[in-house]
Amino acid sequence: MVDILKIIEEFKNKSDGKYISDYLPDENFIALYEKRLNFSFPDDYKTFLVTAMNYYLGDLMLFQLSEQGNHVYELYTHAHEAWEVGVSK
């Protein structure tokens, strides 16, 4: 079984503490975002979102969940773009 907390800690350590912003979504915001997307995130991904979504590693920038919905790496926008070209949910 995968220990997501161990993976998150390793990711944070390898990022040298570099992060995009102080913002991390809470469980309520994630639930609203899931409704907006009409898609449920796996529990491990939700854990990642609330603990390390704002970190980055080298050139690896992660999709973001923002209240404004206009982040350059906004998950909502990129998910819909992918679904429009046939990528399955």
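Excluded from the calculations below are hydrogen atoms, water molecules and symmetry mates; all remaining heavy atoms, backbone and side chain alike, are included.
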>> Holding to side-chain contact (heavy atoms from CB on, under 4.5 Å), I want the full list of residues that pass it with A82, two or more places apart in sequence or in another chain.
In response: V87
> If two hydrophobic side chains count as joined below 4.5 Å and joins carry through other members, does Y23 share a cluster with L32?
Replying inline: no
Answer yes or no: is there a donor N or O on one side and an acceptor on the other, between the side chain of [X] and the main chain of [Y], under 3.5 Å?
X	Y	result
Q64	M53	yes
K35	S40	no
T77	Y73	no
H80	L37	no
D16	K18	no
E74	F63	no

>> Under a 3.5 Å cutoff, is there a donor and acceptor pairing between the side chains of D59 and Y56?
In response: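 No, no side-chain donor-acceptor pair sits under 3.5 Å.
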> Using 30° and 60° as the class limits, which term best fits the ring planes of Y33 and F29: parallel, tilted or perpendicular?
Replying inline: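 Tilted, since the angle between the ring planes falls between 30° and 60°.
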>> What verdict does the ring-ring contact (aromatic ring centres under 6.0 Å, His included) test give for Y19 and Y55, after you've listed the backbone C-alpha separation in whole Å, the side-chain angles of each residue and the deciding distance to 0.1 Å?
In response: CA-CA 4 Å; Y19 54 93; Y55 282 80; 5.7 Å; yes
> Who are the salt bridge (charged side-chain N to carboxylate O under 4.0 Å, His left out) partners of E34, not counting sequence neighbours?
Replying inline: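 Applying salt bridge (charged side-chain N to carboxylate O under 4.0 Å, His left out) to E34 gives K46.
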